[in-house]
Colleague: 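Please find one structure pasted underneath; my questions will follow.
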There are 2 protein chains.
Amino acid sequence: MVTEASAVRESAVATEVIDFNALRKSCGSCALAQLCLPASIGADDLTRLDHLVQQRKPTDRGTTLFDTGSSHARLYVVRSGSFKTYVDLPDGDHQVLGFHLPGDLLGLDALPSERHRCSAEALERSTVCEVPFNDLSVVASKLPGLQQQLYRVMSDQFALEQEHMVMMGRRQAPARLAIFLHSLSERRKRLGLDPLELNLSMSRQDIANYLGLVIETVSRLMGRFQTAGVLEVERRIVRIRDMDALRAMAHGGDTPTDTQKSASSSS
Amino acid sequence: MVTEASAVRESAVATEVIDFNALRKSCGSCALAQLCLPASIGADDLTRLDHLVQQRKPTDRGTTLFDTGSSHARLYVVRSGSFKTYVDLPDGDHQVLGFHLPGDLLGLDALPSERHRCSAEALERSTVCEVPFNDLSVVASKLPGLQQQLYRVMSDQFALEQEHMVMMGRRQAPARLAIFLHSLSERRKRLGLDPLELNLSMSRQDIANYLGLVIETVSRLMGRFQTAGVLEVERRIVRIRDMDALRAMAHGGDTPTDTQKSASSSS
DNA sequence: CGGACGTTTGAGCATATTCAACTGCGGTGG
DNA sequence: CCACCGCAGTTGAATATGCTCAAACGTCCG
């Protein structure tokens, strides 16, 4: 067997919080293992999976991992950095489908024989693991645990898209932005990062496209949230100062101009 | 003796008139086989799949196939009739996620160990085939063709949701309705039904919830489309009189009163 | 220092919502 | 058989939310 994790040739990549020495070796030692495919499969199964996984040299900001129409069926796991997936609209701009943080999977929309229906672009210098889907499928068919995990992440993906649709559905602009920020905060918490300090790697334009709004609206709302004391906005750094208020606005109608809505600043 | 060709074609899938003898026997003899899981798997493999599939007694209008939070992992294939999937919103109403016609799969959002994140309700008296997901998974792991097909339908599901998001994204109300009607027409064509005569099994409220609009807007737009000569609306029967105009409006061309519409896509 | 870009801010406008009344059809019961 | 009620859908007028257009701002980079 070809034992070596054939990707240790990559030199260290700078990111703030992630320990790349631990990451680089194998799925077994990956800090994201619990979030990724290997979660809950045995040690020797892990080895078989390890052989499929290819490392990629860092993807630069603005570079696409795959494009709409391409058909190389591969799954990607974000290791560091972040991506956006989007489709091009006839009128020139994009519909952003999602933002993808470490541990998230990309490429589920082009399973074998299908073509990608969206593009995935790095929002900053990022690294991914890459798995040829056909190989993964073969191994998974022999490892019920892995197979189950594969179904689970696909199921999760459906859940994410459904959430997105609910948000776009009939919610007002302030609620949309609140949902977005709150969800980002939750995801950071899950990654072990500070949930109160968001480091937005995406532009305002991306956020607007994701929320189904226009950039000016997003900008104005950021301002309103700040004057309302909910956020502290400093370009792409956003600090959440009143999580309860943010949550409240995400869940329903709320006017952020109303500064004193209910003296709530507990956490 | 009012026997029209269109009526006969309609009856191939319409609820009341289904030939249950032909349908009930097996996947091999099912009129929907090409659209369903069995597509492109061999004859003996089909037998193994057949044993997993359970028939269900017809589901009455308003009855749910599964509800948010329930966790029996089963896949359903719509045989006749139609369903809507939706999530309940805190403020009382629903966000409709999709409408499901014969050949469509339901239940992909609650693969093993997960709970359903939406509910599925019959819009009329409908029938489904039911497959326990765990059993299907086991069989599929031994039949690469079936496995591939399973991935394919999941991939298709992602594509559908993405389309929905694009529509909700930044499109104006007329374009949304046009997309909805056009998509319905396409799906009818794929089922061998008359693509020009839509028999809406869902209420205006459902349509509005699906499109992210309010019921009045949908109603008004139906009217506008009719006076523009694009549609002929008769309660829940909608006939498409100008498919090109409908398509144009779906792509962003506005002004349903304007018959002249042949602009090329700009960038 | 200048130019470009991403972002913010402002004023006016248009689209879709809200609120409200009304229609037509279907069912139910007198 | 008809009168009644109820529900789904339609229509109208007024409002408001988010968009368009436009300009200014700050920061990054040459």
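This one's a predicted model, so the numbers in the text were calculated from it and none came from an experiment. Throughout, protein chains are lettered first and strands after them, A, B, ... in sequence-line order, and every chain is numbered starting at 1.
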Colleague: Identify, between B/R235 and A/V233, the residue whose nearest nucleotide on DNA chain C lies closer to the 5' end.
Modeller: A/V233
Colleague: C/dT17 P sits how many Å from B/L211 CG, rounded?
Modeller: 10 Å
Colleague: Looking only at atom types and distance, does a side-chain atom of B/R239 sit under 3.5 Å from a main-chain N or O of B/L196, one as donor and one as acceptor?
Modeller: no
Colleague: What is the distance from CD of B/Q205 to C1' of D/dG9, rounded to the nearest Å?
Modeller: 11 Å
Colleague: B/S185 side chain to B/P195 main-chain N or O, any donor-acceptor pair under 3.5 Å?
Modeller: yes
Colleague: Measure from CD on A/E234 to P on C/dT7 and round the result to the nearest Å.
Modeller: 14 Å
Colleague: Can A/S80 and A/S126 be counted as having a side-chain donor-acceptor contact under 3.5 angstrom?
Modeller: no
Colleague: Between B/H100 and B/T85, do the side chains contain a donor N or O and an acceptor N or O under 3.5 Å apart?
Modeller: yes
Colleague: Which pairs, protein N/O on one side and nucleotides 18-22 of chain D N/O on the other, fall under 3.5 Å?
Modeller:
from: D/dG18; atom 1: OP1; to: A/A173; atom 2: N; distance (Å): 2.6
from: D/dC19; atom 1: OP2; to: A/T217; atom 2: OG1; distance (Å): 2.3
from: D/dT20; atom 1: O4; to: A/R220; atom 2: NH2; distance (Å): 3.2
from: D/dC21; atom 1: N4; to: A/E216; atom 2: OE2; distance (Å): 3.0

Colleague: According to salt bridge (charged side-chain N to carboxylate O under 4.0 Å, His left out), who are the partners of A/D67, at least two apart in sequence or on a separate chain?
Modeller: none
Colleague: For the helix from C/dC1-D/dG30 to C/dG30-D/dC1, what angle separates the axis at the start from the axis at the finish, each from five pairs, in steps of 10°?
Modeller: 30°
Colleague: CD1 of B/I207 to CZ of B/F99: how many Å apart, nearest 0.5 Å?
Modeller: 6.0 Å
Colleague: Which whole-number value in Å describes the distance from B/L231 CG to D/dT10 P?
Modeller: 12 Å
Colleague: Side-chain polar contacts of residues 159-167 of chain A - donor-acceptor pairs under 3.5 angstrom, sequence neighbours left out - could you list them?
Modeller:
from: A/H164; atom 1: ND1; to: A/L97; atom 2: O; distance (Å): 3.2
from: A/H164; atom 1: NE2; to: A/Y210; atom 2: O; distance (Å): 2.9

Colleague: Ignoring hydrogens and angles, tell me if any N or O in the side chain of A/S119 forms a donor-acceptor pair with the backbone of A/T68 under 3.5 Å.
Modeller: yes
Colleague: Can you pull every protein N or O that's under 3.5 Å from an N or O on nucleotides 5-8 of chain D?
Modeller:
none

Colleague: In chain order, what residues pass the side-chain contact (heavy atoms from CB on, under 4.5 Å) check against B/A178, with sequence neighbours excluded?
Modeller: B/F225, B/L246, B/M249, B/A250
Colleague: So do the side chains of B/E121 and B/L65 get within less than 4.5 Å of each other, counting heavy atoms only?
Modeller: no
Colleague: Determine yes or no for a side-chain-to-main-chain donor-acceptor pair under 3.5 angstrom, with B/R188 supplying the side chain and B/L193 the backbone.
Modeller: no
Colleague: Please state how far atom CE in A/M202 lies from atom P in C/dT7, giving the value in whole angstrom units.
Modeller: 11 Å
